[in-house]
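Presented below is the structure to which this report refers.
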Amino acid sequence: MSDQIRVRFAPSPTGYLHVGGARTALFNWLLARRTGGVFVLRIEDTDRERSSGEMTQAILDGMTWLGLTWDEGPFHQADGLDRHKGDVARLLEQDAAYRCFCTPEELNAKREQLKEEYRYDRACYHIPRDESERRAAAGEPFAVRFRVPEGETAWDDEVHGDTRFRNESIDDFIVLRTDGTPIYNLAVVSDDIHMRITHVIRGDDHIANTPKQILLYQAMGAAVPRFAHLPMILGPDGKRLSKRHGATAVGQYAEQGILPQAMNNFLALLGWNPGGDVEVMGMDELAERFSLERVNKKSAVFDTAKLEWMNGQHIALTPAEELLPLVAPVLVRDGLIAEAEVDTRREWLLRLVEELKIRGRTIHEIAGHARTYLVDEVEEYDEASVAKHWKNAADVDQRLADVREGLSGVDPWTPEGIDAALRAAADKAGVGFGKLAQPLRVALVGQAASPGIDFVVHTLGREGALRRIDRAREKLAAMQGP
RNA sequence: GCCCCGUUCGUCUAGUGGCCUAGGACAUGGCCCUCUCAAGGCCAAAACACGGGUUCGAUUCCCGUACGGGGUACCA
């Protein structure tokens with residue numbers, strides 16, 4: 001029990017859950033699952049101005065959608081304010097930190113003067129303790145700075161290996177603002193100690209924060225956890241992923257018809273590889289295979305094309321029963337079926353989804369393909385298809401007439417019976433099956449691509465199929481002229 | 001500027017000194033299957049950033065350069 005791994009995901013609610021955050025959450029979750037550990041969710045809302053409850057909820061929703069359930073929390077960092085202050089007071093007592101009476105204005109002036117060369121000049125470093133306390137008691141405003149010791153700070157990063165910083169390159173950073181609220185690094189360390197976090201897994205943009213945090217752990221007399229710094233996720237242009245690259249919030253992918261398991265699978269492979277050639281995996285297999293050792297150091301480009309391919313793979317693997325609840329709302333929204341029909345026509349819809357699921361990469365594509373089976377007649381005849389397959393209008397018309405007759409007599413109405421009737425019509429016309437199926441396909445769905453022709457006819461139903469054939473023959477007649 | 005981190009096909013990656021004529025996947029092109037489409041199968045094209053070392057031998061180890069990224073806040 002004591003060596004149980006405890007990890008946490010600690011987003012700040014200043015925006016939606018974006019793919020980078022989702023990947024970080026996923027890796028934490030995966031490690032917890034893999035090792036029988038605990039996954040803690042903590043909302044880092046110490047920056048009150050930029051945080052909002054709405055965003056907190058959006059993040060929770062995003063994680064729920066992905067299935068990244070947390071074992072403890074969500075905790076709110078702001079709730080730990082008293083503890084954070086207590087920790088700072090202790091640091092002050094131990095002389096590991098000191099009061100800084102420099103005003104932001106003074107600091108800014110120095111910064112402007114020295115530009116990039118700027119380092120805190122430690123003006124308040126040597127103020128004697130009694131004087132410092134006297135000024136504080138007199139009501140003089142102050143912030144609290146951490147007294148960075150001499151030497152070097154190093155850790156064995158789970159993904160980067162040995163990483164070290166000379167302490168002289170680290171400024172005496174502020175841990176408590178003038179208004180008495182803690183700064184990020186202090187709050188994080190205080191919380192991670194409090195929550196007994198054993199492994200800190202986060203983006204590698206935090207590498208430079210790590211030595212500061214380690215120094216804090218040491219000053220607080222706490223055990224330093226293991227650190228794993230994950231590579232960044234980039235846009236197609238190699239720049240850090242941002243809004244201008246398109247969708248970055250996981251919620252947007254949900255809306256685009258991406259399956260959560262596909263999103264997780266894709267994200268898992270961004271910066272980690274399972275070893276072996278299998279790439280399409282469910283959550284269980286991901287958790288089973290996950291290890292920090294196989295996490296990469298190099299930042300990765302988010303490739304939407306591969307995400308969609310992977311989504312198609314997952315859709316194909318998902319039973320129609322699970323897909324229908326996702327497809328149906330889109331059909332209802334588009335006014336193609338009534339809410340009630342989702343139940344009354346369930347079997348018919350399931351057969352349709354089952355047939356279409358290998359033909360679409362997103363839920364919306366599936367719904368799009370379903371459209372033609374749900375409207376009364378062909379909405380648009382694709383020009384190129386008509387030109388190619390209805391070239392000889394008179395012949396086509398004759399074949400459609402034969403098909404119409406054959407279909408009228410099919411009983412029972414099964415794909416097999418339909419197939420037999422169509423083959424008979426082809427034989428009668430003395431042409432290969434394709435020469436019959438293609439013109440017919442254009443007549444039925446308006447284009448030259450669709451699932452198997454017997455499936456199409458069967459799904460349309462006798463009435464629907466005959467009606468469309470009639471319509472096509474009218475169009476054919478018009479094409480032949482008066 | 002300074003401090004860190006990184007660099008294998010267009011993209012995600014395998015590779016831990018000889019097994020590499022550098023493997024897989026997406027995307028691309030072709031072929032097969034076939035009533036079309038999709039799926040699937042087969043094939044093709046496509047990469048070790050550069051320069052020095054170390055070594056009998058470097059994609060793999062070391063150093064430098066270039067390029068990219070992160071940090072350098074009383075943001076997180």
Side-chain angles (χ1 to χ4, degrees), chain A residues 10-14 44-47 49-51 77 100 102-104 107-108 111 114-119 141-145 157 160 163-166 168-171 173-185 187-188 203-211 229 231-232 234 236 238-240 266 269-273 275-280 294 296-310 312-313 316 355-361 365 369 385 389 419 422-423 426 432-442 445 447-454 456:
Chain A
S12 56
T14 53
E44 311 223 310
D45 51 359
T46 43
D47 183 358
E49 309 213 333
R50 294 200 298 151
S51 301
Q77 188 157 60
C100 175
C102 302
T103 65
L107 262 18
N108 279 335
R111 216 185 319 264
L114 297 168
K115 297 270 160 55
E116 281 112 0
E117 310 276 300
Y118 173 81
R119 300 279 321 269
F142 64 88
V144 177
R145 283 183 188 273
D157 197 281
H160 288 271
T163 309
R164 48 189 65 231
F165 285 74
R166 290 188 311 282
E168 60 196 56
S169 72
I170 306 168
D171 254 6
F173 55 95
I174 286 174
V175 289
L176 197 73
R177 299 185 182 93
T178 307
D179 68 2
T181 59
I183 224 65
Y184 170 75
N185 281 316
V188 166
D204 67 15
D205 49 338
H206 282 290
I207 286 182
N209 279 325
T210 306
H229 288 97
M232 296 278 91
L234 276 23
K239 303 285 187 202
R240 195 173 177 158
F266 175 72
L269 262 26
L270 231 43
W272 171 76
N273 92 82
D277 289 340
V278 182
E279 293 195 337
V280 180
R294 294 194 70 87
N296 281 117
K297 300 194 237 307
K298 199 180 92 171
S299 50
V301 173
F302 191 89
D303 181 9
T304 310
K306 185 149 186 177
L307 201 216
E308 290 189 354
W309 166 78
M310 187 154 275
Q313 295 288 312
E355 185 69 22
L356 296 180
K357 72 179 190 182
I358 57 165
R359 265 166 261 260
R361 296 191 152 199
E365 280 182 28
H369 287 141
S385 301
H389 299 292
D419 184 69
L422 295 183
R423 289 192 187 275
F433 193 63
K435 291 287 183 202
L436 180 91
Q438 282 305 83
L440 177 59
R441 194 185 310 277
V442 175
V445 300
Q447 58 173 30
S450 83
I453 197 70
D454 51 342
V456 173

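Below, each value reflects all heavy atoms present in this structure, side chains not excepted, and no hydrogens, waters or symmetry copies. What you see is a predicted model; the values in this text were computed from it and never measured. In what follows, chains are A, B, ... by sequence order, proteins preceding strands, each numbered from 1.
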Atom pair [atom1]/[atom2] of [X] and [Y] - distance to nearest 0.5 Å:
X	Y	atom1	atom2	result
K357(A)	H369(A)	NZ	NE2	16.0 Å
L234(A)	L270(A)	CG	CG	9.5 Å
I174(A)	L107(A)	CD1	CG	6.5 Å

Give the minimum heavy-atom separation between D45(A) and Q77(A), together with the two atoms involved. OD1-N, 3.3 Å
Take atom [atom1] in [N] and the same atom in [M], then report the distance between them in whole Å.
N	M	atom1	result
U60(B)	G51(B)	P	13 Å
C33(B)	C9(B)	P	36 Å
C19(B)	A14(B)	C1'	14 Å
G15(B)	G71(B)	P	29 Å
G70(B)	G24(B)	C1'	31 Å
A58(B)	G52(B)	P	13 Å
U59(B)	U16(B)	P	14 Å
A38(B)	C32(B)	P	15 Å

Is any side-chain heavy atom of I207(A) closer than 4.5 Å to one of F165(A)? yes
Are L356(A) and E365(A) side-chain neighbours, meaning at least one heavy-atom pair lies under 4.5 Å? no
Base, sugar-phosphate, or nothing: which does [X] touch, judged by heavy atoms less than 4.0 Å apart?
X	value
P236(A)	nothing
I183(A)	sugar-phosphate
N209(A)	base
A208(A)	sugar-phosphate
Y184(A)	base
I453(A)	base
G271(A)	sugar-phosphate
E44(A)	sugar-phosphate
A300(A)	sugar-phosphate

Test side chain to side chain contact (heavy atoms under 4.5 Å, CB included) applied to T46(A) and T181(A), step by step: CA-CA 8 Å; T46(A) 43; T181(A) 59; over 6 Å; no
Would you mind reading off the distance between [X] atom [atom1] and [N] atom [atom2], rounded to a whole angstrom?
X	N	atom1	atom2	value
Y118(A)	G71(B)	OH	P	19 Å
D303(A)	G24(B)	CG	C1'	16 Å
W309(A)	G40(B)	CH2	C1'	13 Å
H389(A)	C35(B)	NE2	C1'	10 Å
E279(A)	C26(B)	CD	P	7 Å
D45(A)	A76(B)	CG	C1'	11 Å

Short side-chain N/O contact from [X] to OP1 or OP2 of [N], under 4.0 Å:
X	N	result
R177(A)	A76(B)	yes
K239(A)	G69(B)	yes
R164(A)	C4(B)	no
R166(A)	C4(B)	yes
T46(A)	A76(B)	yes
N273(A)	A14(B)	yes
Q313(A)	G40(B)	yes
R119(A)	G71(B)	no
N296(A)	A14(B)	yes
K357(A)	A39(B)	no
R361(A)	A27(B)	yes
H160(A)	G6(B)	yes

Should the side chain of [X] and the base of [N] be counted as holding a donor-acceptor pair, with the cut-off at 3.5 Å?
X	N	result
K306(A)	A27(B)	no
S450(A)	C37(B)	no
D277(A)	A14(B)	no

Counting side-chain heavy atoms from CB outward, which of A76(B), U36(B), C5(B) is closest to Q77(A)?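 Nearest listed nucleotide: A76(B).
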Could you check which of C35(B), A27(B), C12(B) has an atom nearest any side-chain atom of F433(A)? C35(B)
Need to verify one output field. Residue with the more 5' nearest nucleotide on RNA chain B, K297(A) or A143(A)? K297(A)
Would you say the side-chain atoms of R164(A) pair up with the backbone N or O of P211(A), donor to acceptor, closer than 3.5 Å?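 No, R164(A) side chain to P211(A) backbone: no donor-acceptor pair under 3.5 Å.
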Starting from the C-alpha separation in whole Å, work towards a yes-or-no answer on side chain to side chain contact (heavy atoms under 4.5 Å, CB included) for F433(A) and D419(A). CA-CA 10 Å; F433(A) 193 63; D419(A) 184 69; 4.0 Å; yes
Should [N] form a Watson-Crick or G-U wobble pair with both distances under 3.5 Å, which nucleotide is its partner?
N	result
G1(B)	U72(B)
A49(B)	U65(B)
C19(B)	none
A58(B)	none
C31(B)	G41(B)

Does a donor on one side chain sit under 3.5 Å from an acceptor on the other, for T210(A) and H229(A)? yes
Kindly state whether the pair H206(A) / A76(B) counts as stacked, where counting means centroids closer than 5.5 Å and planes tilted less than 30° apart.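 Yes.
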